[in-house]
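Values in this document were obtained by computation on a predicted structure and should not be read as measured data. Note: hydrogens, waters and symmetry copies are ignored here, and every other heavy atom, side chains too, is used.
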Amino acid sequence: MWGNWSGGQQCRPQRTDRPLDEAGVVAAVRRAAERGHTVRPVGSGWSDSALVLTGDVHLDCSALTGIVAVGAETVRVRAGASITSVQAALAAHGRMLPLVTHAPAATVAGAVATGTHGGSTQWGSLSALVTGSRLVDGGGRLRTADDSELDGLRVGLGVLGVLTEVTLRTVPAVEGEIREEIAHAHPEVLAPGGPLDTSPWTSFELHLPSGEGLLRRVGPPLDREPEPVGGGPVEALGRVATRIGHAASTQWSAQRSRPVPRFDEATTGLPYDLLRDPHPARAEFTEWAVPREALDTALRELGAATAAQDVEIKRPIEVRTGPAETGWLHPAHGRPTAWIAVRASRGETQGRLFRLVGSVLEGMGGRPHWGGRHDWTAADVALAYPRLTDFLALRERIDPDRRFTGDHLDALLGNATS
């Protein structure tokens, strides 16, 4: 029995193959084709969607790890490597990936396939850093993606083949300083060009019922600490932190591998160390990418809807912003984006909450994060993604026999073959 990190997704595949190299991936795909089985590549299991569920073959590429080569501005990595391990290897070369993901243990292939973003207003997601890739197609052939295919592969959902290597852009590893400030969900805080957009990496933890939150920003070191954003005296910071922390549960501090920087001290370091997830508890999530200009309205509508339906969001909502992406199925495709993530413990109220969140944010032009909970169908995808036809044409070339599919993917993309 396979289960994801949160425990909310489970399946029992007939077989799990764990190849040690590219040749092993080729052999596994060919064997599945001979037996008429479908194949679902599986990473670290950090996603909460049903993308990898199957009753046929799981292809676990966790052994395909490590750095192949470090260039002047790129790094070539095996697709099963974790984001954390890549950052650690790059640090020795004075380079880094310019993103802060809340799934650092996720594999490179999994993060690229789902469009996992990086908390940066400048750089976007890991998918945006992809400059090349190698993969095994539906016929069990190893191929190198050409430039015309990269925007399809940047969010491939695991249907365009099994990624074995990925080449990513890197930047100099420059230390920044984290600043944590009171912020209120006021238009001047949430509007484009406001504090959510003015630092290279930003996260806003918002207690929706009260409208109070903590704004965490990483930028160049300052000679002095900034004033709190959005009103409120400095001494109120402890009160807001307590409210946010209570809403998130005591598991935040219990499960941290390293402490989040204290509010009363200036802390410098690499962005991915400073802006790490303050609540790595085993919760399920739904996350939506809304047009950047719609963030203020989206949060007000979400607050009104949860109050009207008597549905409580117990954990803090996380808000981050990012640039437009070029990936054909990336939730931020073609537009600057605000990301709204809602987490909840497993149970009946979680399903009701996630459905309500989805209905509100979809109405604001939102698209779901492919790694989170949602109930979209092929009709929704077709309306939201103008390059879907190009993506499906690429799928037809790479996997005409639909080797890489499953029930969830059939619902999202259809499964007709030529």
Side-chain angles (χ1 to χ4, degrees), residues 102 117-122 124-125 179-219 226-232 236-237 240 243-244 247-248 275 285-309 311-325 330-344 353-369 372 374 384:
H102 280 348
H117 60 96
S120 174
T121 58
Q122 299 175 6
S125 69
R179 297 179 290 279
E180 297 181 319
E181 312 151 48
I182 289 178
H184 297 268
H186 294 161
E188 62 268 24
V189 173
L190 302 175
L196 290 177
D197 297 332
T198 53
S199 293
W201 294 273
T202 306
S203 175
F204 183 30
E205 298 284 332
L206 173 64
H207 181 245
L208 189 63
S210 69
E212 297 176 317
L214 295 178
L215 181 64
R216 308 176 69 223
R217 297 189 284 177
V218 175
E227 294 298 319
V229 174
L237 184 58
V240 176
R243 184 194 294 268
I244 297 295
L275 202 61
F285 77 96
T286 185
E287 185 167 15
W288 290 75
V290 302
R292 177 64 185 88
E293 66 274 10
L295 175 60
D296 181 27
T297 303
L299 290 176
R300 284 191 280 107
E301 291 290 331
L302 187 57
T306 52
Q309 297 292 324
V311 175
E312 183 180 6
I313 299 181
K314 297 180 180 180
R315 296 173 181 266
I317 288 176
E318 185 187 42
V319 177
R320 295 198 283 177
T321 60
E325 302 261 357
H330 199 288
H333 175 80
R335 66 192 190 192
T337 293
W339 299 86
I340 301 173
V342 178
R343 296 175 173 88
L353 169 62
F354 287 176
R355 287 191 295 272
L356 179 59
V357 170
S359 66
V360 171
L361 298 184
E362 181 181 7
M364 304 302 301
R367 301 165 178 154
H369 185 319
H374 65 87

Distance check, rounded to the nearest 0.5 Å: Ile313 atom CD1 versus Arg343 atom CZ? 12.5 Å
With Trp201 via side-chain hydrogen bond (donor to acceptor under 3.5 Å, both in side chains) - residues at least two apart: none
Does the side chain of Leu190 come within less than 4.5 Å of Phe204's, by heavy atoms? yes
I'd like to know if the side chain of His330 and the backbone of Ala332 have a donor-acceptor N/O pair within less than 3.5 Å. yes
The criterion is side-chain contact (heavy atoms from CB on, under 4.5 Å); which residues satisfy it with Thr297, sequence neighbours excluded? Arg300, Glu301, Met364
Verify, without hydrogens or angle tests, whether Gln309 (side chain) and Leu356 (backbone) share a donor-acceptor contact under 3.5 angstrom. no
Derivation of the side chain to side chain contact (heavy atoms under 4.5 Å, CB included) call for Val357 and Thr306: CA-CA 8 Å; Val357 170; Thr306 52; 5.5 Å; no
Once side-chain contact (heavy atoms from CB on, under 4.5 Å) is applied, do any residues pair with Glu312, and if so which ones, sequence neighbours excluded? Lys314
Interatomic spacing from CD in Glu318 to CZ in Arg216 - rounded to 0.5 Å: 8.5 Å
Leu206 versus Leu299, closest heavy-atom pair with distance: CD2-CD1, 3.9 Å
Please name all residues satisfying side-chain contact (heavy atoms from CB on, under 4.5 Å) with Ser199, sequence neighbours left out, ordered by chain then number. Arg179, Thr202, Arg217
Nearest 0.5 Å please: distance from the CG atom of Leu275 over to the CD atom of Glu180. 8.5 Å
When every non-hydrogen atom of Gly334 is compared with those of Ala324, the smallest separation belongs to C-CB, 3.8 Å
Pro195 and Val189 have their tightest heavy-atom pair at CD-O, 3.5 Å
So which heavy atom on Pro316 is nearest to which on Glu205, and how close? CB-OE1, 3.6 Å
I'd like to know whether Leu208 forms a side chain to side chain contact (heavy atoms under 4.5 Å, CB included) with Val342, so could you lay out the CA-CA distance, the side-chain angles of the two residues, the decisive distance to 0.1 Å, and finally the verdict. CA-CA 10 Å; Leu208 189 63; Val342 178; over 6 Å; no
How about Glu325 and His117: does a side-chain donor come under 3.5 Å of a side-chain acceptor? no
Between Thr337 and Arg335, is there a donor-acceptor pair closer than 3.5 Å when you use the side chain of the first and the backbone of the second? yes
With Arg292 via salt bridge (charged side-chain N to carboxylate O under 4.0 Å, His left out) - residues at least two apart: Asp197
List in chain and number order the residues that pass side-chain contact (heavy atoms from CB on, under 4.5 Å) with Pro331, two or more places apart in sequence or in another chain; answer none if no residue qualifies. Ala289, Trp339, Arg367, Trp370, Tyr385
After noting the C-alpha distance and the side-chain angles of Val360 and Trp288, does the key distance pass the side chain to side chain contact (heavy atoms under 4.5 Å, CB included) rule? CA-CA 10 Å; Val360 171; Trp288 290 75; over 6 Å; no
In the structure I gave you, are the side-chain heavy atoms of Thr286 and Leu361 within less than 4.5 Å of one another anywhere? no
Hey, what do you get for CG (Leu215) to CD1 (Ile182), rounding to the nearest 0.5 Å? 11.0 Å
Does the pair Thr121 and Leu196 meet the rule for a side chain to side chain contact (heavy atoms under 4.5 Å, CB included), with working shown? CA-CA 8 Å; Thr121 58; Leu196 290 177; over 6 Å; no
Could you report the tightest heavy-atom contact between His369 and His374, atom names first, then the distance? O-CD2, 4.0 Å
Heavy-atom nearest pair, Pro291 first then Gly365, reads CD-O, 3.8 Å
First locate atom CD of Glu188, then atom CG of Asp296, and finally report the distance between them rounded to the nearest 0.5 Å. 9.0 Å
